[in-house]
Amino acid sequence: MWRRVASLSSSISSSFLAQTASRLNTWESLTTGIAQQAKGVIAPKEKTPFITFVLGGPGSGKGTQCIKIVETFGFAHLSAGDLLRREIASKSADGAMILNTIKEGKIVPSQVTVKLIQKEMELSDNHKFLIDGFPRTEENRVSFEQIIGVEPNVVLFFDCPEEEMVKRVLNRNEGRVDDNLETIKKRLTVFQALSLPVINYYSEKGKLYTIKAIGTEDEIFEQVRPIFAAFETVG
Ligand SMILES: Nc1ncnc2c1ncn2[C@@H]1O[C@H](COP(=O)(O)OP(=O)(O)OP(=O)(O)O)[C@@H](O)[C@H]1O
Ligand SMILES: Nc1ccn([C@@H]2O[C@H](COP(=O)(O)O)[C@@H](O)[C@H]2O)c(=O)n1
Ligand SMILES: [Mg+2]
């Protein structure tokens, strides 16, 4: 588990703690922070996180390609949509609000989604994360930076024509409440208005890798593979 109770000795000097705190890498902001480290409550994670945001319109094939990335490169896959659907299924306090938002093809308040992602990251033993379907809006993006305190290393954008996305979603057959023509149209509008600006932001930052998301699943993965292979070589 990422967040472990540490057995740091209470006899550790304050100067040592100050030095340690100053060396803490970005991992620590995932937890409740340096203050708790200094109190000896939480042990730092050994490895720097490697974060990939996976973006693209509804049905562009994000989830499908994430499965292949996990199999090939050993990432932990955190799908924002799956985490939200799990909240609905667990009948949590936010469940009804999340269900209505998803049915409307709108975006759940960032605080809710980021907290779910944060919890999963903390529970994971992995340090390589694929965060699928997030950030969907500038608000999502800023909220992640503020709460988690890290930026992505890589941003993948699955670029797919609208008619292909609609066809795939309508054929998905997984019983999702948003897989109907009415909601898909709304989701496509939200994607254009709110998600494309986030994609442009990462393009300007030089972090964006655009994948032409047409062809077979294997053909598309052959565009994805070299991106992660290059990072593996770097170390
Ligand atoms: N290259 C492909 N060719 C044809 N169908 C595909 C391809 N990739 C994925 N699919 C199918 O399209 C549907 C949507 O794919 P997937 O669920 O991966 O998309 P997504 O981007 O995660 O969508 P959403 O944002 O709605 O979760 C699935 O039924 C999947 O099996
Ligand atoms: N960052 C996000 C991600 C998703 N949602 C809501 O969930 C719906 C389904 O998401 P998928 O990634 O599984 O397609 C999406 O349409 C949103 O309603 C969200 O609010 N914020
Ligand atoms: Mg998906």
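When a ligand or atom number is given, it counts from 1 through the structure's own listing order. Numbering of residues begins at 1 and proceeds along the displayed sequence.
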(request) Select the closest option to atom 30 (C) of ligand 1 among Thr64, Thr216, Asp179, Ile220, judged by heavy-atom distance. (result)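 Answer by nearest heavy atom: Thr64.
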Rounded to the nearest 0.5 Å, what's the gap from [atom1] on [X] to [atom2] on [Y]? Could you check?
X      : Y      : atom1 : atom2 : value
Leu170 : Asp179 : CG    : CG    : 7.5 Å
Lys212 : Phe158 : NZ    : CZ    : 13.5 Å
His77  : Asp82  : NE2   : CG    : 6.5 Å
Met97  : Leu84  : CE    : CG    : 8.0 Å

(request) Could you go through the salt bridge (charged side-chain N to carboxylate O under 4.0 Å, His left out) check for Lys115 and Glu87 one step at a time? (result) CA-CA 12 Å; Lys115 290 282 176 198; Glu87 282 297 289; over 6 Å; no
(request) Give the C-alpha distance, both sets of side-chain angles, the deciding distance and a yes or no for ring pair (Phe, Tyr, Trp, His ring centres under 6.0 Å) between Phe228 and Phe75. (result) CA-CA 10 Å; Phe228 292 104; Phe75 278 70; 5.1 Å; yes
Show the distances, to 0.1 Å, for all pairs joining an N/O atom of ligand 2 and a protein N/O atom that are shorter than 3.5 Å, listing one pair per line.
unit_1: ligand 2; atom_1: 1 (N); unit_2: Gly133; atom_2: O; d: 3.1
unit_1: ligand 2; atom_1: 1 (N); unit_2: Asn140; atom_2: OD1; d: 3.1
unit_1: ligand 2; atom_1: 10 (O); unit_2: Arg136; atom_2: NH2; d: 3.2
unit_1: ligand 2; atom_1: 12 (O); unit_2: Arg136; atom_2: NH1; d: 3.1
unit_1: ligand 2; atom_1: 12 (O); unit_2: Arg136; atom_2: NH2; d: 3.2
unit_1: ligand 2; atom_1: 13 (O); unit_2: Arg85; atom_2: NH1; d: 3.1
unit_1: ligand 2; atom_1: 13 (O); unit_2: Arg85; atom_2: NH2; d: 2.9
unit_1: ligand 2; atom_1: 13 (O); unit_2: Arg176; atom_2: NH1; d: 3.4
unit_1: ligand 2; atom_1: 13 (O); unit_2: Arg176; atom_2: NH2; d: 3.3
unit_1: ligand 2; atom_1: 14 (O); unit_2: Arg136; atom_2: NH2; d: 3.1
unit_1: ligand 2; atom_1: 14 (O); unit_2: Arg176; atom_2: NH2; d: 3.1
unit_1: ligand 2; atom_1: 14 (O); unit_2: Arg187; atom_2: NH2; d: 2.5
unit_1: ligand 2; atom_1: 16 (O); unit_2: Arg187; atom_2: NE; d: 3.1
unit_1: ligand 2; atom_1: 18 (O); unit_2: Lys106; atom_2: O; d: 2.6
unit_1: ligand 2; atom_1: 20 (O); unit_2: Val108; atom_2: N; d: 2.7

(request) Kindly determine whether Glu122 and Lys119 satisfy salt bridge (charged side-chain N to carboxylate O under 4.0 Å, His left out), including the steps that lead there. (result) CA-CA 5 Å; Glu122 289 177 353; Lys119 204 163 130 198; over 6 Å; no
(message) Can you tell me which portion of Ile214 lies within the under-4.0 Å heavy-atom range of ligand 1? Options are side chain, backbone, both, or neither.
(response) neither
(request) Record the part of Arg187 in heavy-atom contact with ligand 1 below 4.0 Å; permitted values are side chain, backbone, both and neither. (result) side chain
(message) I'd like to know if Phe221 and Val154 are part of one continuous hydrophobic network [Ile/Leu/Val/Met/Phe/Trp/Tyr, side-chain heavy atoms within less than 4.5 Å].
(response) yes
(request) Identify whether Leu83 and Ile102 are in the same connected component of the hydrophobic contact network (ILVMFWY, side-chain heavy atoms under 4.5 Å). (result) yes
(message) How about CD on Glu222, more than 12 heavy atoms from neighbouring residues, nucleotides or ligands closer than 6.0 Å, or not?
(response) yes
(message) If the cut-off is 4.0 Å to any non-hydrogen atom of Gly61, which atoms of ligand 1 fall inside it?
(response)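 Every atom of ligand 1 under 4.0 Å from some heavy atom of Gly61: 15 (O), 16 (P), 18 (O), 19 (O), 20 (P), 21 (O).
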(request) Using a strict cut-off of 4.0 Å, indicate which atoms of ligand 1 neighbour a heavy atom of Pro58. (result)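 So the atoms of ligand 1 that pass are 25 (O), 26 (O).
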Any nitrogen or oxygen of [X] lying under 3.5 Å from a nitrogen or oxygen in ligand 1? Just yes or no.
X      : value
Glu164 : no
Arg172 : yes
Val169 : no
Arg136 : no
Arg176 : yes
Gly59  : yes

(message) Check contact between Ser60 and ligand 1, using heavy atoms of the residue and a distance below 4.0 angstrom.
(response) yes
(request) Report yes or no: does Gly215 have a heavy atom closer than 4.0 Å to ligand 1? (result) yes
(message) Just checking Phe73 against Phe231, ring centres under 6.0 Å apart?
(response) no
(request) Please check if the distance between the ring centroids of Tyr202 and Phe157 is under 6.0 Å. (result)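 Centroid separation for Tyr202 and Phe157: 6.0 Å or greater.
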Return the closest protein heavy atom for [atom] as residue, atom name and distance.
atom                    : answer
atom 8 (N) of ligand 1  : Glu217 CG, 3.7 Å
atom 4 (C) of ligand 1  : Arg168 NE, 3.8 Å
atom 22 (O) of ligand 1 : Gly63 N, 3.0 Å
atom 20 (P) of ligand 1 : Lys62 N, 3.5 Å

(message) For a 4.5 angstrom cut-off between non-hydrogen side-chain atoms, does Leu156 reach Ile69?
(response)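 The answer is yes; the side chains approach within 4.5 Å.
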(request) Before giving the answer on salt bridge (charged side-chain N to carboxylate O under 4.0 Å, His left out), spell out for Arg168 and Glu164 the whole-Å C-alpha distance, their side-chain angles and the decisive distance to 0.1 Å. (result) CA-CA 6 Å; Arg168 289 183 191 173; Glu164 176 68 16; 2.8 Å; yes
